[in-house]
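Every number for a ligand or one of its atoms is a count from 1 in the order of the listing. Note: hydrogens, waters and symmetry copies are ignored here, and every other heavy atom, side chains too, is used.
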Amino acid sequence: MTDLLTIAGLRTVFRTHGGEIAAVDGVDLSVPRGRTLGIVGESGCGKSVLSLSVMRLVAHPGRVATGSVTLDGRDLLKLSNADMRDVRGSQVAMIFQEPMTSLNPVHTVGFQITEAMRAHDTHASKAELKNRAIEALKRVRIPAPERRFDEYPHQLSGGMRQRVMIAMALACSPKLLIADEPTTALDVTVQAQILDLLRDLQQETGMSIILITHDLGVVAEMADDVAVMYAGRVVERGAAGAVFADPMHPYTLGLLGSVPRLDEERETLLAIEGSVPPPFALPKGCRFHPRCPFAVDACKSEQPPLRMLADGHQAACIRAPVEAFVA
Ligand SMILES: Nc1ncnc2c1ncn2[C@@H]1O[C@H](COP(=O)(O)OP(=O)(O)O)[C@@H](O)[C@H]1O
Ligand SMILES: [Mg+2]
């Protein structure tokens with residue numbers, strides 16, 4: 001299976017008062033055609049900055065400092081701004097957590113979808129675009145699409161608005177859809193419906209998906225492969241089944257809620273204590289060591305690289321696989 005997208009050595013920095021900080025710091029990832037890569041990690045791990053880097057949408061004072069983002073053999077980081085605009089929407093599209101992007105409140109749903117389509121097809125007539133927009137609404141299973149076409153975003157529920165966003169993202173048949181916390185703002189039932197929809201659309205179109213979430217349940221349900229991010233780096237990668245069945249990095253174990261309390265006889269399930277260090281206050285050595293129940297002195301001095309510990313399954317921890325300590 002060939003990879004559609006390959007990210008190599010990606011480092012994205014922000015200029016701040018205290019100097020340059022790296023929000024994404026040396027990330028390597030790939031996404032095979034037609035498959036879903038789930039990216040998980042607590043808030044502040046660099047997931048959104050990573051996806052914006054792929055889209056080349058990191059705003060000033062941020063910039064991609066080094067690395068490559070190869071889509072179908074072309075390094076997106078080397079394209080002109082005009083070529084990158086073509087790629088966005090025609091080959092790679094992105095949807096966000098609903099409140100962040102929401103639709104423009106002053107225009108109808110139909111207007112916004114047809115404008116998105118017009119940007120890529122300047123020759124289509126108004127009637128043709130309307131037909132295609134209604135088709136697009138049908139495709140994301142919006143009931144009564146002809147009526148919805150003339151409605152404003154506030155007349156739609158959160159789930160319906162996310163469906164409209166997906167319709168717009170898919171209007172130009174992207175090869176890759178990046179979904180950054182697409183269901184975080186939605187209630188559980190609606191979340192499940194949107195995830196089902198994404199899965200169906202992937203079956204229909206063969207597109208690849210990068211699904212970013214802090215919710216491991218969502219990843220378990222949706223992803224073929226998983227990358228766990230911590231403090232700007234990937235700390236574990238592998239097939240979803242393997243990562244969930246045999247988590248190797250202590251952070252992944254913690255996310256899964258299976259870190260044993262070492263100070264107690266019995267194995268208690270608990271969440272990892274503390275929080276993700278911001279890029280300007282990273283500890284020396286392994287970035288996770290201050291929170292890690294398995295840390296030893298060596299963890300404080302050197303930053304561990306990803307190591308292949310099983311077929312296609314990597315973790316960046318000198319003590320990995322830590323399941324040895326958990327049993
Ligand atoms: N414009 C910015 N300026 C400075 N730091 C930023 C900026 N945007 C994001 N960051 C920092 O980058 C880190 C990663 O952020 P983000 O990618 O949004 O995390 P996630 O999506 O995993 O919650 C955070 O520590 C955040 O403070
Ligand atoms: Mg985010």
Please confirm whether G46 comes under 4.0 Å of ligand 1, counting heavy atoms of the residue only.
yes

Check: S48 N/O within less than 3.5 Å of ligand 1 N/O:
yes

Considering distance alone, does some N or O of V49 sit under 3.5 Å from an N or O of ligand 1?
yes

May I ask you to check whether E115 and H107 show a side-chain donor-acceptor distance below 3.5 Å?
no

Between E135 and R132, is there a salt bridge with N-O shorter than 4.0 Å?
no

Under a 4.0 angstrom heavy-atom cut-off, which atoms of ligand 1 come close to C45?
19 (O), 20 (P), 22 (O)

Salt bridge check, D25 against R287: does any charged N sit closer than 4.0 Å to a carboxylate O?
yes

Give, for atom CG of L197 and atom CD1 of I142, the distance between the pair rounded to the nearest 0.5 Å.
9.0 Å

protein heavy-atom neighbour closest to atom 8 (N) of ligand 1 works out as F14 CZ, 3.5 Å

By number and element, which atoms of ligand 1 are closer than 4.0 Å to a non-hydrogen atom of A23?
12 (O), 13 (C)

Salt-bridge test for K47 and D180: reply yes if a basic N is under 4.0 Å from a carboxylate O, no otherwise.
no

Taking every heavy atom of R237 against every heavy atom of V243, the minimum-distance pair comes out as C-CG2, 4.1 Å

Relative to atom 24 (C) of ligand 1, which among S43, P61, G232, G44 owns the nearest non-hydrogen atom?
G44

Mark up the atoms of ligand 1 that fall under 4.0 Å of a heavy atom belonging to P279, in ascending order.
25 (O)

Verify the contact flag for atom 26 (C) of ligand 1, where contact means a protein heavy atom under 4.0 Å away.
no

Can you label the angle between the H154 ring and the Y152 ring as parallel, tilted or perpendicular, going by 30° and 60°?
parallel

Report yes or no: does S48 have an N/O/S atom closer than 2.8 Å to the Mg ion (ligand 2)?
yes

